[in-house]
Amino acid sequence: MSSSTRHRLLAAAGIVTLSLLVPGTGNATAASPRPVRLLGEQRVPHNLQFQGTTVGGLSSVDFDPRTGGYVFVSDDRSAINPARFYTAKFDVSAKGVGPVTFTGTHPLLRPDGTPYPPLAKNDPAAPQSEQTIDPEELRVDPWTGHYVWSQEGDRLADQHLIQPSIREAKRDGHYVRDLPLPANERMTPDAGPRRNYVLEGLAYTGFGTLLASEVEAPLLQDGPPPTPTSGALSRITVQSRFGHVLAQYAYPQEKLFAAPKPADGFADTGVSSMLAVNQADPTKFLMMERSFVTGVGNKVRIFEIDTTGATNVLHTASLAAAKQVKPVKKKLLADLSDLPVSTVDNIEGMTWGPPLPSGERSLVLVSDNNFSASQVTQLVALAVPSERL
């Protein structure tokens with residue numbers, strides 16, 4: 001994307017661009033860039049009870065500048081407790097990560113003010129906005145302080161389709177609105193997102209004027225998901241904070257890092273989170289690719305991407321059938337397997353933490369334990385040198 005195109009994109013969102021850089025970011029270069037390093041980690045006790053809920057399934061984390069704390073969303077589909085989010089505080093510094101203190105929780109509410117039902121009690125005849133949900137990513141709106149969150153919907157055995165959505169909620173969980181999605185992200189019997197591979201990534205950019213989202217895996221019409229021998233293309237959508245969809249880009253996902261053992265075992269990979277590198281440049285994001293392979297384990301890699309020059313595929317019916325599609329550029333920022341973390345678990349969320357005295361930026365990650373005793377709710381903090389971004 002050229003500089004003029006970038007300015008037009010921001011202008012379409014209703015603002016005038018400013019020529020400045022967010023402190024601690026920029027394009028500084030070094031002969032030998034410092035590596036991303038581990039600051040520390042912290043675990044939340046399994047099945048921690050807090051205000052009448054079981055803490056778990058934390059699939060997203062975001063820093064809240066209004067409180068100096070953090071917000072987590074749980075991907076509990078109201079099976080254990082009503083679908084909900086948590087607020088918490090913990091220190092991130094050059095010394096590591098401090099203990100996590102939960103400060104509040106609220107259910108995410110339907111338009112009628114009631115919690116979302118569990119899948120077993122879902123009414124297929126109810127409006128889409130009132131059916132069961134599968135929360136995945138939550139971001140604090142930098143303008144209003146509201147919570148904007150994505151959910152995956154579902155493809156049920158009887159061909160009943162629960163559509164994915166991006167929704168806005170007040171800070172107490174009350175429903176505000178749905179944002180429009182591009183038509184190709186609507187589920188139909190033979191097209192649209194795959195089951196459980198839908199809206200996992202969500203990020204504000206352009207000083208809050210733009211909202212970017214990412215589907216976890218290729219749409220059905222865009223080809224098969226990654227395998228141990230080949231990658232795949234999924235889609236990033238950029239829209240105005242007011243809802244208008246502006247562009248869509250192809251994101252090249254890595255191939256599976258290993259084959260399952262035994263060969264017929266389960267293997268899974270996809271984009272689990274996205275984050276703007278800085279608010280001054282709406283073309284650069286971090287993308288988290290999270291993989292699990294039976295008999296091998298987890299792999300979590302974070303890439304920096306740049307949409308500059310990528311093809312706008314908003315009106316491309318099929319990425320698999322398209323003859324000329326230039327995907328976004330990407331480069332590896334960190335592979336958690338290369339860092340001395342105690343374990344690489346099912347990490348699904350990331351947010352920027354406070355700047356560090358060294359000039360590095362802290363990056364906070366969280367894992368989703370799936371409410372399983374064999375997994376952990378893990379907070380990991382990384383130090384990211386500014387010259388790497």
Side-chain angles (χ1 to χ4, degrees), residues 1-3 6 9 21-39 60-63 137 139 200-206 210-216 226 231-238 247-255 257 269-291 299-311 326-339 347-353 355-356 358-365 380-389:
M1 181 186 299
S2 68
S3 176
R6 181 183 304 125
L9 215 160
L21 290 175
V22 174
T25 67
N27 300 312
T29 59
S32 180
R34 293 172 290 172
V36 173
R37 59 188 180 88
L38 176 68
L39 281 174
S60 172
V61 59
D62 201 27
F63 178 72
E137 185 109 280
R139 294 297 179 195
E200 291 259 352
L202 202 62
Y204 275 102
T205 188
L210 300 172
L211 185 67
S213 57
E214 158 75 15
V215 288
E216 185 178 2
L233 293 176
S234 54
R235 297 190 187 224
I236 297 168
T237 299
V238 180
Q248 204 171 61
Y249 304 105
Y251 175 74
Q253 295 190 2
E254 300 296 299
K255 63 183 181 181
F257 70 97
T269 190
V271 177
S272 62
S273 185
M274 70 182 301
L275 181 66
V277 170
N278 67 69
Q279 292 295 309
D281 188 344
T283 66
K284 292 184 172 62
F285 299 91
L286 298 186
M287 307 294 284
M288 177 186 288
E289 294 191 41
R290 177 271 328 264
S291 308
K299 180 174 279 291
V300 176
R301 288 168 286 188
I302 300 171
F303 296 87
E304 183 188 355
I305 70 161
D306 189 343
T307 63
T308 303
T311 306
K326 184 177 181 181
V328 302
K329 299 185 291 290
K330 66 185 291 191
K331 61 182 180 181
L332 181 66
L333 180 68
D335 183 334
L336 264 64
S337 300
D338 297 333
L339 300 174
I347 292 179
E348 289 200 1
M350 63 179 169
T351 187
W352 292 115
L356 302 171
S358 60
E360 297 162 301
R361 303 176 72 185
S362 64
L363 184 65
V364 179
L365 317 176
V380 176
L382 307 179
V384 181
S386 58
E387 64 266 22
R388 296 291 302 272
L389 301 170

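Count residues from 1 along the sequence. For clarity, every value in this text was computed on a predicted model and none was experimentally measured. Side-chain atoms are counted along with the backbone in the values below, which use heavy atoms only and exclude waters and symmetry mates.
Residues passing the ring-ring contact (aromatic ring centres under 6.0 Å, His included) test with Phe63 are Tyr70, sequence neighbours excluded. Legend: residues meeting side chain to side chain contact (heavy atoms under 4.5 Å, CB included) with Thr269, ordered by chain and number and at least two apart, are Pro226, Leu256, Ser291. Scanning for side chain to side chain contact (heavy atoms under 4.5 Å, CB included) contacts around Pro385 gives Arg34, Val36, Glu360, Glu387, Arg388, with sequence neighbours left out. Legend: residues meeting side chain to side chain donor-acceptor pair (under 3.5 Å) with Gln248, ordered by chain and number and at least two apart, are Asn184, Arg235, Thr237. Taking the side chain to side chain donor-acceptor pair (under 3.5 Å) definition, one finds that Gln253 meets it with Ser234, sequence neighbours left out. Residues forming a side chain to side chain donor-acceptor pair (under 3.5 Å) with Thr351 (at least two apart in sequence, or on another chain): Asp62. A search for salt bridge (Lys or Arg N to Asp or Glu O under 4.0 Å) contacts involving Lys299 returns Asp335, not counting sequence neighbours. Contacts of Pro35 classified as side chain to side chain contact (heavy atoms under 4.5 Å, CB included), with partners at least two apart in sequence or in another chain: none. With sequence neighbours excluded, the residues forming a salt bridge (Lys or Arg N to Asp or Glu O under 4.0 Å) with Glu348 are Arg290, listed by chain and number. Ala250 is linked by a side chain to side chain contact (heavy atoms under 4.5 Å, CB included) to Leu233, Leu319, Val325, Pro327, counting only residues two or more places apart in sequence or in another chain. With sequence neighbours excluded, no residue forms a side chain to side chain donor-acceptor pair (under 3.5 Å) with Ser272.
Considering all non-hydrogen atoms of both residues, Met350 and Leu365 come closest at CB-CD2, 3.4 Å. When all heavy atoms of Ala276 and Trp352 are compared, the pair lying nearest together is O-NE1, 2.9 Å. Across all their heavy atoms, Met287 and Ile305 have their closest contact at CG-CG2, 3.6 Å.
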*Chi angles and distances behind the side chain to side chain donor-acceptor pair (under 3.5 Å) call for Thr205, Gln279*: CA-CA 5 Å; Thr205 188; Gln279 292 295 309; 4.7 Å; no

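Between the side chains of Tyr251 and Glu289, at least one donor N or O sits under 3.5 Å from an acceptor N or O. Counted by atom type alone, Ser273 and Glu137 present one or more donor-acceptor pairs between their side chains at under 3.5 Å.
The CE atom of Met288 sits 13.0 Å away from the CD atom of Glu214 when rounded to the nearest 0.5 Å.
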